[in-house]
Each structure stands twice: as structure tokens, then as C-alpha cells.
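From a predicted model like this one, the values you see are computed outputs, not experimental measurements. Order of appearance sets the numbers: ligands from 1, and atoms from 1 within every ligand.
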Amino acid sequence: MQTYKLTIKGTVQGVGFRPFIYTLAKRYNLNGTVSNGSNGVEIFINSSKEILEQFIETIQNELPSLAYINSLDIEEIAFQNFQDFKIIETKNRGDITVNIPPDISICKECEAELFDPNNRRYLHPFITCTNCGVRYSIIYDLPYDRVNTSMKKFQMCKACEAEYNNPLNRRYHAQPIGCWDCGTQLSLQNSVGIALVAIHNNIVQLILDGNILAIKGVGGYHLVCDATNKDAVQKLRDRKQRPTKPFAVMVRDIEMAHEIALINAKEEQLLSSKERPIVLLKSKDNHKGLSLQVAPNISRIGVFLPYTPLHLLILKKLNRPLVATSANITDEPICTDTKSIKKLSTIYDYLLDHNRDIVNGCDDSVVMVVKEQTIFIRRARGYTPISIKLPFKLDKKVLAVGANQKSTVAIGFDDQVILSPHIGDLDGIESVEYFKENIENLKRIYRFEPEIVVHDRHPNYESTKYAKSLNLPQKEIQHHYAHILAVMAEKQITQKVLGVAFDGTGYGDDGKLWGGEFIICDYQGYKRVAHLKYFKLLGGAKAIKEPKRVALSLLFDAFGEEALKLANPTTKAFRQKELKTQYLMWQKGLNAPLSSSVGRLFDAVASLTGICQVMSFEGESGMRMEEYYNDSIREYYPFIIEKKEINILPIIREIVKEDDRYIVISKFFNTVVEIIYIIYKKYNLQMILSGGVFQNRVLLQLILDKIPTATISNKIPPNDGGIALGQVVSTLFIKKD
Ligand code: ZN
Ligand code: ZN
Ligand code: FE
């Protein structure tokens, strides 16, 4: 009999790990202790070597569902005579390396209890246990104990306390537990703040009556309404000033999801997963069973299943799909407290609130499946703050501040990167504050003090300005290089690659707006080997929202002054006088920055085909173009690649000759694939795809069909939400001084 010390690191706190070890120790008749340290879980145990091996094997085999082991160290120490096996209280912390579990959906056992009239938590909207519920969103600090969460203000009742203290109970040390007698409480009020009685029956009736409700969830509030009620959905659009951007829909269960959408096995698995992301699906028969207002002009809908007991109670009773969209003011972050949601009192009719504070805001995650691969559109609830393991160890503690749109931030230490949830676009003061708050949250929870900060090369990004204001060594990194590095890090790729970075915009080394880039790179650096030939963005920033301006500019490039005589959807979108002014601006290059962006090229084609002249939300043109792809059309347009420049004007000259949208758009998609294929063949390196353009389902599918080895990220979004990870790994080869 010897004494061993086991140190287990990974996601091992707040997931029922200590009771699991306790139960195992009893099974093997072993004496000792288990405790949470700041370095992970520590086990001291008296055992023979043979039994210890079996014990460890069982740990690996029977791990609790939310636990994940990164490392397990065994050390033989001086003999200690333990008389029994005990769970002992948390010790003081040093460096934090334990992972915080994310917020996950209600488990099967809690769901069964929720609807069991004999259970003391029957219909309790906050039922939870060690295997489910909120985590990250309620944590102030580690270790994960109730006093370090927003549950600290709730005094447990006797019954809950007994469960909490019983190692053999499913609620042993489940920090957020409560019941009808204690814990979190719902409250309902109308839009002028008058309190009403909150029971889920009348909440459901309010929804059925066509009202808009703000409901507090896990990482923020949702605005919800009946998804089958045209007037209610339109009212939400009008009040939110969101004319066409699709809304996500929450459905009762997987059966109801099947009623409204076509779902393959992989998509079903994601919908039902404990992370419960919004999954973008093909809707059935032109939004059968939903109001058309939910996603106008687009045949894809974002669907998700209830992930809290409160959502479950509402959806079961409602028994129809519910629009559930993040509650925020345009360009501001998701509302996370009563003060911020009250700013939206002109949008909602009723507010269903509760008194458990959201410490770390977290939006819903959004994913899609393309050729069996999970593609993140937004990585947030359920997935953050799970760490991403790097192929190397970092020399320094790195803070990466990301880009400016779809912002996320990251911290890196050892061989781990913690990526914040989706923060949003850094366009307003509130968003920038929320961005800083996210950095402070990560620093506090992980006791992290950065030794270097990495930012984008763009001098005017809010994130860049913030980084430059810090009293820290700084590194700037080109946007598209960061895009590719992020995928290399996620996939643990260490050799040279061909990176294809297609997006809306990123600041280039020559000060121009890049976005159609082919680069050969490794962790040391990169070389730009091809890009779209520059074109002018007429009106500068205006061109980003108005595809017609980009299209017109390309028409001027292709036809010169003759373009003024053309009659096509683009020229018709301008008055004659405007056309002449634009021509002069183009000629003189006034307020017309140069760009090589593929995102803008997509916009131009959407305009030339009359699909979209002015966008009401980002990415609209590409999303609507997906609707016109016909896979029986195999041709593509001519283009010229010379001296690293891809000349797209032959494409434009051909497009204006064709009236059929389906033909133009199909040939255009094929052309983009052909351009990639030709350059891929030339270099014959592993090819990595990144940038928001690859969120286009049709494009991605076509590329993966043609080049099955093409690599795209599956844990981080291809859009700017992944930039911070690339920024962290750009420091891999900075030597310690
Ligand atoms: Zn549970
Ligand atoms: Zn209680
Ligand atoms: Fe980008």
C-alpha cells in the first residue's frame, strides 16, 4: 500500500467530478481525499499500484458527461494513513489552469423531474443539477463555488442544502440549484413597468395574443413572439427596425423542427446536443408553418431547441414555433440586465425577468452543416469558454483584441487559447465598453496579466486603438494572415500552406482594402501570391452597404464612359444625374478607396442581376444569391491571372450580356471555384479557407466537392470572430527577452 497524488487538469470543476471520484473510491474501497485546487482536481489515495491502474482506467472510461481531462499526473508521495475517503474543501488558488465549463442545456433527468407532478421542483423554471444548466454566465471568479457566482445572494433552503451537501446526490455542489422555496425567481411586468403575476400559462397566452415579450435567458435577453403570427412578427420587425434580416426560431422539440425544416443526421445531432446552438436549416415548402416574415426572400431558417427549463415550459405549452432573437439595440451588445433591457421597452409589450444576475454575457451560438462539417457562424453559448489547444507552447501571455466586426477577444497562455464569446460589431460606445468588459472578465476569471497585446493592422479599428492605449509590448498583424493562422492553430497544422482569405474587408500592407487574397504562409510569416485586381469602392464606406456602387464601379472599369449608356439593373438603380456624378468620382478617384474584396465582388453580381441594390443587413447579397444557384449549369466565366492579379473584368463584360439570373449566378459561383482551383493547382500545398465569404453555403460546398482536402475551421467561425485566435498564435515565434 502506497500513497499517490493524482493531479487532473481539464474541465473538471462544476461538472460533478469530485462526487464521481468519491463514488469510484468507495467502489474500489480506497481511502484518501479529493479536492478542487486552482490547478485542477487533486486526489490523494492509498492504494496498490495494480488497483490504482484500474482506478485510473475507470476514471477515463466513466467520466461524467460534461467533464474533459486534458492531463492526469501521478506521483508517489510519503505514506499517509487515511481512514476513509473524503471530499475536502477547496484550497487557495495559484495560477488558474482549470477550464470553466460552458453553459449547457437542461439534462434528461431534470427535464423528467420538471414535468413530474410528484417532484418537489415540478414546473420549476430554474431546475438544474451538476450535469446541466448555467456555468460560465454566472461565474465571477474561480474556483467554481457558489460564493464565486451570482447565486451567492440566494440562501439555500434546508431541502436544497441537504442535496447540495450529499456526495451521492445528483445536485451535490451544483452551484445554481434552488427550488420553489429558494433561489431564482421569475417576475413579469408590462412595458411601463407594472408588475404582473408570472406563471407560464399566462406568459404563453400573452404570446398567443400576438404580444412581443422580452425574456431573460442564460447569457442575455431574447425578444420573442409567435412565429406563425404574421402581424406579430411584422410588429417586431417594425419596432426593431430590422426589415429583412432573418430571425431565429425556437421549436418545442426535434419533431417540431422536422415539421418546419429539412434536417440531416448531423444537423439533428447539433440541434439536440447539450450546446443547443441555432442551426441554419433548409426550410420546408417555402416556410411552411411559419410566417413568411421570419426570413423574407431566404429559404434558410435558424432553428434551435429549448435549452433551459423556462424555455421548455413555454414551448411545450405554446406548441408552435417561437421567434427568439437576441435583445439588443442596433449596433449594441446583447442586453444582460434589467437596466439595459428597459431601453427596449418600446419594442416589447411584456418583460419576463428573473433575479439571477448574468455575470458574463453570452449570445446564442449559430452553426451550419456543409458536407458533414460543422461551420460556426457565431461561437458563443455552449462553446465558450472552452479552450483551444495549440500545436506549440506560447512564450508569453498574450492578449489578442480581434478585429472590429463580429468581435471576439482571446487570451493565450502555455498551449491554450481561451476565446471570448461573440461580442458583436465595435461600432458604438456601448459595444466598445462590452468589448473591454469581456477582456476584464477573462483577466479576472483566469487571473491573467498579459505580457503582450496583438491587434489588427487597421489603425482605425476600435480594438487597435484600445490595444495601443495599453502599456504593453504590442504587435500588429495583417488581417488575412490572422484569418489563416487561426485555422492553422485550430487544426494544429505546422507546415507551409496556401491560405485563401476571402472576406468583406481587411487592412492590407499597402493600405488598400484587401479581401480576395491568396497567401502562402507558416507561423513565421506570409507572402501574398495572388489577389483580385483592385477596383474602386465608389462612396467609400457607403459602398459596403450599397452593392450598386461596387457594380457601377466595375462597369466603369469594364466599359469606361460607355457604361453610362447601359441599361441594366445596376444603372437603373441610379438616376441619370447620379450616374454622371459617380462617373466623375470614379474618373478622379475621389472618395473611392481601392479594394480587392471578394465580398464586394459578390455584392456587385447581386446588383448586376437585380437581386440586391442596397443591403438591409450584412451578408444579404450572398445569402440571396444562394437561392439562384443551379447545379446543372457547369460553365464558368473567363478571367485573367497575370502578375499575381486576378482580372475579373472579363466576368463583368459577360454578365451584362445575360438576362437570366440563374445562369449568371451559377456561372459566377463556378468561376470563383475555378479561380481557387487554378491557384491551388499551381502551388500544390495544403489549402486553407477562411474569411466571411466562406460562410456562403453554395460556394463552400462547391469548393469542397472540387477540392475535398481544402481545410476550413470547425471550432471557430471563418468570419472575423476567429481573428483573435490567429492573432494569439502570431506571437509563437517571438522569443522571450
Ligand atoms: Zn440536470
Ligand atoms: Zn430550495
Ligand atoms: Fe475578415
Side-chain angles (χ1 to χ4, degrees), residues 14-16 64-66 101 103-116 119-122 124 126-135 146 151 154-165 169-172 174-185 274 307-309 312 402-408 425 456-458 461 463 477-487 499-508 513-517 519 544 595-600 618-619 689-695 713 716-727:
V15 293
S65 57
L66 298 184
D103 303 295
I104 52 129
S105 64
I106 179 171
C107 71
K108 282 284 154 227
E109 284 151 305
C110 285
E111 186 175 340
E113 290 175 358
L114 179 65
F115 294 106
D116 173 8
N119 191 281
R120 72 182 188 94
R121 290 190 180 86
Y122 178 53
H124 185 61
F126 301 98
I127 186 170
T128 185
C129 73
T130 3
N131 302 322
C132 73
V134 290
R135 296 287 187 278
R146 190 149 161 140
M151 288 303 292
F154 300 105
Q155 179 74 43
M156 272 184 270
C157 71
K158 285 274 169 278
C160 284
E161 205 173 350
E163 292 172 314
Y164 185 86
N165 288 323
N169 191 285
R170 202 172 93 246
R171 296 195 166 86
Y172 176 74
Q175 309 307 344
I177 64 164
C179 68
W180 289 111
D181 299 324
C182 71
T184 316
Q185 279 169 346
K274 61 184 191 295
Y307 51 88
T308 70
L312 256 182
N404 207 65
Q405 306 307 112
K406 302 183 172 60
S407 161
T408 61
D425 298 346
D456 196 276
R457 179 153 272 187
H458 201 303
Y461 278 181
S463 54
I477 174 170
Q478 203 280 324
H479 186 91
H480 301 95
Y481 179 36
H483 264 303
I484 302 303
L485 282 178
V487 187
V500 186
F502 285 1
D503 63 1
T505 182
Y507 195 81
L513 303 174
W514 293 8
E517 312 307 313
I519 62 176
I544 293 169
S595 174
S596 57
S597 158
V598 173
R600 295 292 86 81
E618 199 226 324
L689 310 172
S690 189
V693 169
F694 293 109
Q695 285 172 191
S713 50
I716 57 154
N719 61 42
D720 287 3
I723 289 281
L725 173 60
Q727 291 176 340

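Among the atoms of H483, an N, O or S atom is found under 2.8 Å from the Fe ion (ligand 3).
Taking a 6.0 Å sphere around CD of E111, one finds it holds more than 12 heavy atoms contributed by other residues, nucleotides or ligands.
Contact of the E113 side chain with the P309 side chain is not registered, since no non-hydrogen atoms from C-beta on lie closer than 4.5 Å.
At the Zn ion (ligand 2), the angle from SG in C157 to SG in C179 is 100° when rounded to 10°. The angle subtended at the Zn ion (ligand 1) by SG of C110 and SG of C129 is 100°, given to the nearest 10°.
Checked against the Fe ion (ligand 3), the N, O or S atom of D503 at the shortest distance is OD2. Residue-level check: among N/O/S atoms of D720, OD1 sits closest to the Fe ion (ligand 3).
The closest donor-acceptor contact from the side chain of S105 to the backbone of K274 lies under 3.5 Å.
If you run side-chain contact (heavy atoms from CB on, under 4.5 Å) between Y481 and each of Q478, H479, H483, only Q478 comes through.
Side-chain polar atoms of H124 and N119 form no donor-acceptor pair below 3.5 angstrom.
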